[in-house]
Structure formats: C-alpha cells, structure tokens
Amino acid sequence: MSACLLGERVRYDGRDAAPATDVLARWVREGRVVSICPEVAGGLPVPRPAAEIQGGSGVDVLAGKATVARKDGSDVSAQFLSGAQAALDVAQANGVRMAILKARSPSCGKGEIHDGTFSKVRKPGDGVTAALLAQHGIAVFTDEELERAAEHLATLETI
C-alpha cells in the first residue's frame, strides 16, 4: 500500500493522502498491509519537486521509451524505476496479491496519470510502480477504488 495513504508524510509536497475511511485502518489492524513509498524507496527526498511521466506512461518508462521528469526538465526516471523495483521486491517477499496505490501519481497511479506538461491535465495510463506490479500479476487498485479492492480481497480469500 502507498505509505501516504496510511498517513505517512511522504508525498512530494511533504503531506500525506490518508483517505477518510475505516477500511484501511481495519486492514492494518488485521495485519494485511505492507507499506512503501516507491519514490522515497527510490532515493527521492521529502519534500521534492513534483514529477510527471513524459512521452508515455509507466509501461513506457519501464521499457525505456518514456521518462519521469521534474518541471525543470531534470530526469528522475532512475529513482522511479528503483522505487518500483523496491515495491515489487517487498510485495513478492510478502506474498502480496493486491496493491492499493495513490491515484494519478507518476509512481502509483492506475488508469489515469498527469500528461507530463505540469498543467493538471490528465491522460490514460499507469504510474511506474503500478505498471510493474501489474506486469507481475499483482492486482492494482487506487485509493479511489477501495470498494472494488475490498470485493477483490473477498474473492482472494475464497481461492
């Protein structure tokens, strides 16, 4: 799970993104949660300049066809790739089959990310970590899909 969703102040702006819901707290109490911030795990500081994927989506960054850059143009793709790998390593070491990640993040977004122009315009696509986890068979949901994630968890428990 994205650490910012659990109240950790690790977002680029130094804030958290904990949703107003009891679902995540219950999952923590039940021992179902492994927490990581891929960007911090990749070596980026808190706070840090915002970054967006340019030239594609997370899948394209993984394939070396797109980059993650800050508004000043500095390339932070290596840190995003390293953080995504760290998240995958943690997930695999803990038998994770489902991830809850922060919507629209260049690391964690699923289905929709910012378009790389720093204009708040969105485009279809996944963040780098979300794409890597999905490529390895881990079901990815955002913090805006907690109901769907809970339903998916229930189906995993019957398998």
Minimal heavy-atom distance between Thr129 and Pro38, with the atoms involved, is OG1-CB, 3.2 Å
In short, Val128 meets Ala84 closest at the heavy-atom pair CG1-CB, 3.8 Å
Distance from [X] atom [atom1] to [Y] atom [atom2], nearest 0.5 Å?
{"X": "His152", "Y": "Phe141", "atom1": "NE2", "atom2": "CZ", "result": "5.0 Å"}
{"X": "Cys108", "Y": "Leu133", "atom1": "SG", "atom2": "CG", "result": "8.5 Å"}
{"X": "Glu52", "Y": "Asp115", "atom1": "CD", "atom2": "CG", "result": "6.5 Å"}
{"X": "Asp126", "Y": "Ser107", "atom1": "CG", "atom2": "OG", "result": "12.0 Å"}
{"X": "Ile100", "Y": "Met1", "atom1": "CD1", "atom2": "CE", "result": "5.0 Å"}

Check whether any side-chain heavy atom of [X] lies under 4.5 Å from a side-chain heavy atom of [Y], and answer yes or no.
{"X": "Arg48", "Y": "Val76", "value": "no"}
{"X": "Ile53", "Y": "Phe80", "value": "no"}
{"X": "Val68", "Y": "Leu81", "value": "no"}
{"X": "Thr142", "Y": "Leu101", "value": "no"}

**Prompt:** Are Arg15 and Asp13 within salt-bridge range, i.e. N to O under 4.0 Å?
**Reply:** yes
*Over 12 foreign heavy atoms within 6.0 Å of NZ, Lys123*: yes
Intermediate values then yes/no, side-chain contact (heavy atoms from CB on, under 4.5 Å), Glu39 and Val10 = CA-CA 9 Å; Glu39 294 175 27; Val10 293; over 6 Å; no
Worksheet item: If only atom types and distance count, is the side chain of Asp143 paired as donor or acceptor with the main-chain N or O of Ala103 below 3.5 Å?
Response: yes
